[in-house]
Protein chains: 2
Amino acid sequence: MRHAPSNEESESGEERTKIQGSQTLLRGLDMLDKVIDGPVKLADLSAAMGLTRSTTHRLANALADRGFLTFLPREGYQLGPKLLQLGFLAQSQADIVRIARPRLEALAARSEDTVHLGRLDTDLALYLDKIPGRRRVDISSRIGDRHPLSSTGLGKALLLDTPEAEWPALFEASRARGAPAVDYAAWAERMRGYVAAGHAYDLEENEDLIRCVAAPVRDASGRIIAAISLSSAAQYMDDARMAALSGEVRATADQIGTDLGWVPGARPNRRPRR
Amino acid sequence: MRHAPSNEESESGEERTKIQGSQTLLRGLDMLDKVIDGPVKLADLSAAMGLTRSTTHRLANALADRGFLTFLPREGYQLGPKLLQLGFLAQSQADIVRIARPRLEALAARSEDTVHLGRLDTDLALYLDKIPGRRRVDISSRIGDRHPLSSTGLGKALLLDTPEAEWPALFEASRARGAPAVDYAAWAERMRGYVAAGHAYDLEENEDLIRCVAAPVRDASGRIIAAISLSSAAQYMDDARMAALSGEVRATADQIGTDLGWVPGARPNRRPRR
DNA sequence: AACACCGTATCATATTGTGGAACGTCGATG
DNA sequence: CATCGACGTTCCACAATATGATACGGTGTT
């Protein structure tokens with residue numbers, strides 16, 4: 001085959017692995033990315049791919065034939081129905097607990113502390129998984145437990161996208177469910193900091209002498225569907241360590257999100273599904 | 001390249017188009033289908049594809065590299081996170097009204113009658129689109145209208161998957177919303193027939209002298225997310241014609257569903273999302 | 001230890017994919 | 001009404017890319 005004229009490196013600066021011996025497949029797969037925000041005409045598509053119109057057309061047609069692309073006569077190529085089907089199937093195969101487990105174990109191993117995974121359940125945080133740390137610290141939580149949102153790191157992480165207007169109601173609900181009585185104004189002020197930082201702390205508000213760092217997990221829709229937290233005795237968790245750990249906890253949460261189809265940079269999509 | 005040893009026709013009886021000149025891409029895309037029900041080991045995958053282990057491995061790796069497959073060390077290959085991302089994006093691009101329009105127009109043109117598209121809105125049928133037929137018949141419906149479920153073909157089609165236990169409540173709600181007072185037992189008996197047939201009729205229950213044939217539209221999850229109906233004056237709609245049209249209406253509804261990622265044969269998935 | 005299983009790497013071969021160019025087809029423009 | 005331009009489609013000679021036989025290196029099982 002003739003090679004592309006001095007197109008050794010892509011002009012659009014993207015650097016994708018070669019995987020040697022699958023050029024056609026990789027080009028086809030990458031083509032789907034070029035179509036993610038609406039219909040694209042063949043000419044634009046070939047320009048974006050750095051390929052000739054012939055090649056682009058052949059690939060696009062193959063993708064369309066299998067339903068990965070839809071061709072709209074006067075608009076261009078668009079994501080096709082096959083992706084809806086496979087996306088749904090992938091969704092049903094994606095069990096958060098199973099997906100998250102290895103990442104959580106790695107985090108627990110590195111930090112030697114206890115890691116939790118949980119999600120929102122009406123107005124409580126439901127604990128889905130727990131990896132005990134190496135240190136002998138009693139963290140009195142069990143899988144299946146429900147804890148108040150306002151007084152746990154995990155719960156606060158779950159709320160990071162919730163509009164502030166809804167905070168008072170949730171705060172009250174938490175108090176009714178056993179959260180300690182603290183001043184709302186002070187709590188909300190701290191929450192604003194957590195929202196800005198993208199993670200949440202828990203500073204002995206719930207169980208005495210336990211501190212934790214928590215971060216939200218997002219799925220393909222960008223919504224927060226779960227959160228993880230790393231807990232330890234306050235003696236092992238001074239402010240400096242919490243700050244140091246927060247990046248790692250966020251990174252782990254983001255990795256899990258990526259496994260679930262979340263795309264870090266993508267336009268935030270906060271609207272609830274349907 | 002060496003060709004596959006006498007593997008001219010696939011053993012698994014599937015017949016897929018050639019599209020000449022995209023073998024690698026097509027093989028890769030088809031590979032995703034072999035993985036739809038859980039992790040598959042490399043050996044099984046190559047067997048299912050009718051390819052050598054080498055080739056299978058190369059393709060699977062390319063797919064995994066781009067996130068279309070996930071490799072689980074001791075289980076095999078599985079649908080990957082990229083499909084979740086693209087599936088979600090495809091979903092947000094898939095506007096039912098726009099997708100359905102050409103199909104509805106074709107149906108309206110063929111039958112010369114009025115076609116409606118609608119979906120469930122709490123306990124009413126919300127009309128999303130309307131293509132007037134050629135015949136001059138007053139169908140007093142407008143886009144945005146809400147009509148009772150129990151007394152419209154469209155509404156009944158929307159209920160075809162609803163457990164019978166919930167029928168009485170919905171029937172009562174419809175009556176409260178203006179549906180004519182008919183006998184529940186008789187209505188339920190007719191509904192059972194519609195459920196078995198996969199389509200619904202409306203026989204002058206709502207507007208006098210109007211009859212219609214309706215069918216449900218399913219999405220990738222298998223759930224009924226909308227319905228279409230074909231309405232005409234009773235004089236043009238004798239029982240024979242209704243029977244003849246029901247197949248065509250169902251076919252159109254199914255085509256729209258396919259555009260939305262629905263797969264005809266797939267295991268029915270009735271459980272609500274989340 | 002020997003074995004079976006599974007994923008990975010290598011490499012000569014020619015099949016497959018490539019891109020240039022020409023063709024159709026539709027609307028818009030002069 | 002003719003010409004043009006934009007866009008998708010088809011064709012084809014050429015060689016780069018994809019292929020599959022074979023061999024390798026892990027890990028758990030007998």
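The chains referred to below are lettered A, B, ... by the order of the sequence lines, with proteins before strands, and numbering in each begins at 1. Worth knowing before you read on, the calculation uses all heavy atoms, side chains too, and leaves out hydrogens, waters and symmetry mates.
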Taking OP1 and OP2 of C/dG17, is either one under 4.0 Å from a side-chain nitrogen or oxygen of B/Thr24?
yes
C/dT8, OP1 or OP2 - any side-chain N/O from B/His57 closer than 4.0 Å?
yes
Has B/Ser54 got a side-chain N or O lying under 4.0 Å from the OP1 or OP2 atom of D/dG20?
no
Rounding to an integer number of Å, can you tell me how far A/Leu42 CG sits from D/dT9 P?
8 Å
Among C/dG7, D/dG8, C/dG20, which nucleotide sits nearest the side chain of B/Phe71?
C/dG7
Both A/Val40 and B/Thr52 contact DNA chain D. Taking the nearest nucleotide for each, which residue is further toward the 5' end?
A/Val40
Grab the CE-P distance between A/Met31 and C/dG17 for me, whole Å please.
14 Å
Heavy-atom distance under 4.5 Å between the side chains of A/Ser141 and A/His116, does that happen here?
yes
By nearest-nucleotide position on DNA chain C, the 5'-leaning member of A/Thr56 and A/Arg74 is A/Thr56
Just how far is it from atom CG of A/Asp113 to atom CZ of A/Arg134, taken to the nearest 0.5 Å?
10.5 Å
Interatomic distance, B/Leu59 CG vs C/dA9 P [rounded to whole Å]:
15 Å
Roughly, in whole Å, what's the span from NZ in A/Lys41 to P in D/dG8?
7 Å
Find the distance B/Leu45:CG to C/dC5:C1' and express it as a whole number of Å.
16 Å
What about A/Arg58: does its side chain form a donor-acceptor pair under 3.5 Å with the base of C/dG17?
no
How many Å lie between CG on A/Asn61 and P on D/dT10, as a whole number?
8 Å
Under 3.5 Å, is there any donor-acceptor pair linking the side chain of A/Arg53 to the base of C/dG19?
no
Return the value, rounded to whole Å, for the distance between atom CE of B/Met49 and atom P of D/dA18.
15 Å
Mind checking whether A/Arg98 and B/Leu72 have side chains closer than 4.5 Å, heavy atoms only?
yes
Any N/O donor-acceptor pair, B/Thr55 side-chain to D/dA18 base, under 3.5 Å
no
With a 4.0 Å cut-off, would you call B/Asp259 and B/Arg103 a salt bridge?
yes
Close side-chain approach of B/Arg241 and B/Val213, heavy atoms under 4.5 Å:
no
Between C/dG17 (C1') and B/Gln23 (CD): distance, integer Å
10 Å
